[in-house]
Amino acid sequence: LLLNHSNKNLCVVFQVRPKLPLLRILQAAGAQGETFTLKEVMHYLGQYIMVRQLYDKRQQHMVYCGGDQLGELLGLESFSVKDPSPVYDMLKRNLTSAAM
Ligand SMILES: C[C@@H](c1ccc(Cl)cc1)n1cnc(-c2ccccc2)c1-c1c(C(=O)NCCN2CCN(C3CCCCC3)CC2)[nH]c2cc(Cl)ccc12
């Protein structure tokens, strides 16, 4: 998993392979297959949050994931989408490079 930052966009050079607990969450959001780009992982995690209605309807940047598998993976009850660092930390723990 090689990351390069260009004009604030994080882009992944290779596909990544989610570990099983994360793969199950992505599949619940409609993901097919076992390897993805980081962009696809983020898209499916966003879809998962939407479908499971984990975001606050009034404060839509707040995600309440306590009691959900996503919260288990993040080790958090809630987080703001304005601070992606807990999500990146979780991805570091739950993604391997598909090239291996
Ligand atoms: C910038 C981006 C982002 C992406 C990654 C991160 Cl670590 C933070 C932030 N983002 C901004 N708001 C959201 C968001 C907010 C509430 C519910 C769902 C998604 C997202 C997230 C996306 C996404 O793929 N976003 C596409 C456009 N979003 C706009 C918000 N839209 C909804 C907002 C709530 C009301 C309905 C529309 C959905 C499409 N993927 C994510 C995955 C996670 Cl683990 C957390 C958040 C997101």
Side-chain angles (χ1 to χ4, degrees):
L1 174 62
L2 280 181
L3 301 179
N4 63 351
H5 295 257
S6 51
N7 54 358
K8 293 278 174 283
N9 290 325
L10 186 66
C11 69
V12 172
V13 177
F14 296 121
Q15 298 249 332
V16 291
R17 185 182 299 279
K19 292 180 181 170
L20 201 54
L22 176 58
L23 181 61
R24 290 206 193 294
I25 288 178
L26 303 180
Q27 288 171 339
Q32 312 273 330
E34 295 187 352
T35 62
F36 306 93
T37 63
L38 184 62
K39 190 168 179 287
E40 287 167 331
V41 171
M42 287 306 189
H43 166 74
Y44 287 115
L45 284 173
Q47 288 297 109
Y48 181 85
I49 291 167
M50 301 264 289
V51 166
R52 307 276 287 217
Q53 311 244 330
L54 300 180
Y55 65 93
D56 184 293
K57 303 300 174 287
R58 276 175 298 288
Q59 287 204 313
Q60 296 182 341
H61 68 95
M62 284 306 299
V63 177
Y64 292 92
C65 47
D68 187 279
Q69 307 164 67
L70 180 59
E72 301 287 313
L73 274 192
L74 288 166
L76 287 176
E77 297 287 311
S78 65
F79 68 95
S80 166
V81 305
K82 294 180 178 157
D83 173 12
S85 48
V87 177
Y88 282 114
D89 293 342
M90 180 274 287
L91 293 178
K92 273 185 222 145
R93 295 193 302 270
N94 289 278
L95 293 177
T96 59
S97 165
M100 309 293 269

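Counting starts at 1 for both ligands and their atoms, following the listed order.
Counting protein heavy atoms under 4.0 angstrom from atom 32 (C) of ligand 1 gives one or more. Distances from atom 18 (C) of ligand 1 to the protein include at least one heavy-atom value under 4.0 Å. For atom 35 (C) of ligand 1, a protein heavy-atom neighbour is present inside the 4.0 Å cut-off. Checking atom 28 (N) of ligand 1 against the protein gives no heavy-atom contact under 4.0 Å. Distance remark: protein heavy atom not present below 4.0 angstrom from atom 2 (C) of ligand 1. Atom 42 (C) of ligand 1 is approached by the protein to below 4.0 angstrom, counting heavy atoms only.
Using a 4.5 Å cut-off on side-chain heavy atoms (C-beta onward), M42 and L91 make contact. Residues L22 and Y44 form no side-chain contact, since every pair of their non-hydrogen atoms from C-beta on lies 4.5 Å or further apart.
Below 4.0 Å from some heavy atom of V87 lie the following atoms of ligand 1, by number and element: 7 (Cl), 44 (Cl).
Closest protein heavy atom to atom 21 (C) of ligand 1: G46 CA, 4.4 Å. Nearest protein heavy-atom contact of atom 9 (C) of ligand 1 is V81 O, 3.7 Å. What sits closest to atom 7 (Cl) of ligand 1 on the protein, heavy atoms only, is P84 CB, 3.4 Å. Shortest contact from atom 45 (C) of ligand 1 to any protein heavy atom: I49 CD1, 3.5 Å. The protein non-hydrogen atom at the shortest distance from atom 16 (C) of ligand 1 is Q60 O, 3.5 Å.
The two atoms that bring L76 and P86 nearest to each other are CD1-CB, 3.5 Å, heavy atoms only. Across every non-hydrogen atom of M62 and Y64, the tightest pair is CB-CE1, 3.7 Å.
In terms of polar-atom proximity, M42 is counted as a contact of ligand 1, with an N or O under 3.5 Å from an N or O of the ligand.
The neighbour count for R93 CZ, taken as heavy atoms of other residues, nucleotides or ligands under 6.0 Å away, is above 12. Within a 6.0 Å radius of NZ in K57, more than 12 heavy atoms belonging to other residues, nucleotides or ligands are found.
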Test log, rule side-chain contact (heavy atoms from CB on, under 4.5 Å), inputs Y55 and V81: CA-CA 9 Å; Y55 65 93; V81 305; over 6 Å; no
Test log, rule side-chain contact (heavy atoms from CB on, under 4.5 Å), inputs M90 and F79: CA-CA 13 Å; M90 180 274 287; F79 68 95; over 6 Å; no
Stepwise side-chain contact (heavy atoms from CB on, under 4.5 Å) check, T96 with V16: CA-CA 6 Å; T96 59; V16 291; over 6 Å; no
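Contact annotation: for M50 versus ligand 1, heavy atoms closer than 4.0 Å belong to the side chain alone.
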